[in-house]
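Values in this document were obtained by computation on a predicted structure and should not be read as measured data. In what follows, chains carry the letters A, B, and so on, assigned in the order in which the sequence lines appear, proteins first and then strands, with residues in each chain numbered from 1.
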2 protein chains.
Amino acid sequence: MASRPKATILDIAREAGVSKSTVSLVLQGSGLIRPETALKVRKAIEDVGYVYNRGAANLRKAHSNVIGMVINDLTNPFFAEMAVGMERVFQSAGIVPFIANTAENPVRQEEVLKSLMEQGVAGLIVSPARGTTSGAFRRIETAGLPIVFTMRRLPESRIPVIAPDNHRGAWLATAHLVGKGHRRLAFFGGSSDLVVYHERLGGFREACEALGIPKRDTLVVEGETSRKGGIACLETALAMADPPTAALCFNDAVAFGVMLALRKRGLEPGADFAVVGFDDVIEAQHYMPALTSVAVDSAGLGERAAHVMLKMIQSRTTRAEDHIGAVNLVVRDSCGPDRREGMGDAA
Amino acid sequence: MASRPKATILDIAREAGVSKSTVSLVLQGSGLIRPETALKVRKAIEDVGYVYNRGAANLRKAHSNVIGMVINDLTNPFFAEMAVGMERVFQSAGIVPFIANTAENPVRQEEVLKSLMEQGVAGLIVSPARGTTSGAFRRIETAGLPIVFTMRRLPESRIPVIAPDNHRGAWLATAHLVGKGHRRLAFFGGSSDLVVYHERLGGFREACEALGIPKRDTLVVEGETSRKGGIACLETALAMADPPTAALCFNDAVAFGVMLALRKRGLEPGADFAVVGFDDVIEAQHYMPALTSVAVDSAGLGERAAHVMLKMIQSRTTRAEDHIGAVNLVVRDSCGPDRREGMGDAA
DNA sequence: TTGATTTATTGGAACGTTCCATTTATACGC
DNA sequence: GCGTATAAATGGAACGTTCCAATAAATCAA
């Protein structure tokens, strides 16, 4: 039990019969030390059960090897994938990423950011919680700490952003629906406090306009970005006088909800009502029918964000270019009426 | 950009015209300071853009406020839920949990653990990666650092474990299948290098024996714990001479795979072949048909683990009781009665 | 007034590293 | 033998906090 006073390099030095400086050198893998001395020291390290105190070291070095990843919702596989993409990159760069979850709570986010800064991280990658104000990052900016946003952008902030091309994704999806012959379209889910929402909705609107769908034949229903939200959106839409025949959903979760609600009403998703999702999470391909969705490559964006961060740290700057990731529409079986267009991977 | 030499309490002291000790006291919210002095100091803190250096503080205090959560697979919603449950508890205790993902890689796990220790965490909650040897935790134990395992247990380790009652869960599920009239049962997925596997398989076996299913009428197919693994298991099983009519799956992912594979063969999950999952992830209720599964309350187990950890830290011990969480079978639509005729049209 | 008591504030020594400037030991050329 | 270069190891001052012991200022009892 009695956690003994932990060993320091001085204990190692005594054990090995050298000076603390020598131990320090060995710890850093310096070539200045005679191999046999290094060996002796390493043995002593093992013997005394030494664990390196990075806090003490950083006091002198002022250059830590940890970066913080602040994620708005870890239980969403979409963001989890992104986080894992980042991890891959950091790991091979010898950097340890610590992940913190904010659960879409700006207050929690503030705490987490504070904590990470106090811990002396070398940089921060943040997927901001809903409702974040740009003031939340003022301290970080004035501290000159490298920071990048992923997936979400804040209204008027100069912090670099790595995000998918939401506008184009929505455009493609809308065009697909129009191409299938649909003339009354809906946009389901999401709420206007998110910039992403405006980007996607903007793509939808512009596509409609460009393809000759009059605005009065489009319907926009805000709602939770979850299955439940999707169910609600569909109910609302079908209760209207001249209901839409197809919907672009803010994300896949909403799309799943819409499909469930359709089934519940005895309607067949795809055949009776076309549905397109956004994000293309893994489950999309496993649904019945398989969901047509806009793929954004979250893991790839995560990797990209990590690379940008590494470069910022390396070049000691807090500035970087935005990066808008390519998207592509993955056509499956959820947009009738033409079944022939479905991909072969239907199961 | 030139990140200015960061402010320290000395800068604050100068700014506010007090001593560094006074600043330190204010920082710790000591009541010994005259309110107006405290106010002056707080203003200075704001002015110089100070950020607390926890590393330096820990050098003296030797009692950090961060604990590490090491998770084997963050992209699995099951584990993500658990992590979030822990977070909730720690947050309200003023402790900051840092999450690290090991991606089921013992080498990565070792690195992550090392890093966390160097960072000076107050404790560790670990969901061990597959293939972890108990030697990986020797250093942590000798350091006297509180540690608990969640979900998975290591063969011969004295580290406390918080896990669901796998044995009983499997028992319940098996009994349910037998109750539906099935007489040839399979256990799908998982591999024997996981203790959990033996626990669940053990429950299955004992239930079969207790309920009069002879061992020769049971089939065990190891496999990846993923959809792909489930697909493979089903293929293997149906290729046998006298195939089973029902399966208990190692986890829900495997079950989903089994259901997909059934569909691909023109068989209806539930009606033609009964499937039970394990873990009861959120998607289980949204599948078609909805999956009958053993619910383990991952978030609840996470919370429990966090509480145990808090108590260990508080009482300065590295010992704690195991905690086996209750499970219950959630019956949905994936287990019809045995109607073997349906199997005939397979292939 | 004086000394004792309470209330606020402070200097200085740690904590465990790194790294610069030295020292010591070893080898070399002549 | 000398001086010089090279290699290996070292002492000590920092880094930014905390906290103890000490001081200074204010209050009080007599």
Worksheet entry | Distance test, side-chain N/O of B/S19 to OP1/OP2 of C/dT9, below 4.0 Å | no
Discussion item. At less than 4.0 Å, is any side-chain N or O atom of B/T22 found next to OP1 or OP2 of C/dT10? Yes or no.
Written reply: yes
How close or far is atom [atom2] of [N] from atom [atom1] of [X], stated in whole angstroms?
X	N	atom1	atom2	answer
B/H63	D/dC19	NE2	C1'	16 Å
A/R14	D/dT10	CZ	C1'	16 Å
A/I12	D/dT10	CD1	C1'	16 Å

Practice prompt. Would you mind checking if A/K6 and A/D11 are paired as a salt bridge, meaning a charged N to carboxylate O distance below 4.0 Å?
Written response: no
Worksheet item: Is any NZ, NE, NH1 or NH2 atom of the basic residue among A/R158 and A/E141 found under 4.0 Å from an Asp or Glu carboxylate oxygen of the other?
Response: no
Set out, line by line, the N/O atom pairs under 3.5 Å between protein and nucleotides 23-28 of chain D.
none

Worksheet item: Who pairs with B/R88 by side chain to side chain donor-acceptor pair (under 3.5 Å), at least two apart in sequence or on another chain?
Response: B/E303
Worksheet item: Taking five pairs at each end, how big is the angle between the two axes of the helix from C/dT1-D/dA30 to C/dC30-D/dG1, to 10°?
Response: 50°
Measure all distances between protein nitrogen or oxygen atoms and nitrogen or oxygen atoms of nucleotides 13-16 of chain D, and list the pairs falling under 3.5 Å.
| residue | atom | partner | partner atom | Å |
| --- | --- | --- | --- | --- |
| D/dA14 | N3 | A/R60 | NH1 | 2.9 |
| D/dG16 | N2 | B/A56 | O | 3.3 |

Discussion item. If I take atom CD1 from residue B/I125 and atom CD1 from residue B/I71, how far apart are they, to the nearest 0.5 angstrom?
Written reply: 8.0 Å
Worksheet item: To the nearest 0.5 Å, how far apart are CD in A/E36 and CG in A/L39?
Response: 9.0 Å
Worksheet item: Does any donor-acceptor pair link the side chain of A/S21 with the base of D/dG11 at a separation under 3.5 Å?
Response: yes
Item to complete: Scan residues 124-137 of chain A for pairs that pass side chain to side chain donor-acceptor pair (under 3.5 Å), counting only residues two or more places apart or in two chains.
Response: A/N72-A/S127, A/Q109-A/T132, A/S134-A/E156
Fill in: B/R42 backbone acceptor or donor facing B/E46 side chain under 3.5 Å
no
Discussion item. Just to verify, what does A/F137 make a ring-ring contact (aromatic ring centres under 6.0 Å, His included) with, not counting sequence neighbours?
Written reply: A/F149
What pairs with [X] under side-chain contact (heavy atoms from CB on, under 4.5 Å), at least two apart in sequence or on another chain?
X	value
B/S30	B/L25, B/L32
B/A16	B/V18, B/V41, B/A44
A/S19	A/S21, A/T22

Worksheet item: Got a sec, which residues hit salt bridge (Lys or Arg N to Asp or Glu O under 4.0 Å) with B/R138, two or more places apart in sequence or on another chain?
Response: none
Only pairs under 3.5 Å count here: list side-chain donor-acceptor contacts from residues 112-119 of chain A, not counting sequence neighbours, and write none if there are none.
| residue | atom | partner | partner atom | Å |
| --- | --- | --- | --- | --- |
| A/E118 | OE1 | B/R54 | NE | 2.8 |
| A/E118 | OE1 | B/R54 | NH2 | 2.4 |

Worksheet, complete the sentence: Ordered by number, residues from residues 25-42 of chain A within less than 4.0 Å of DNA chain C (heavy atoms) are A/Q28
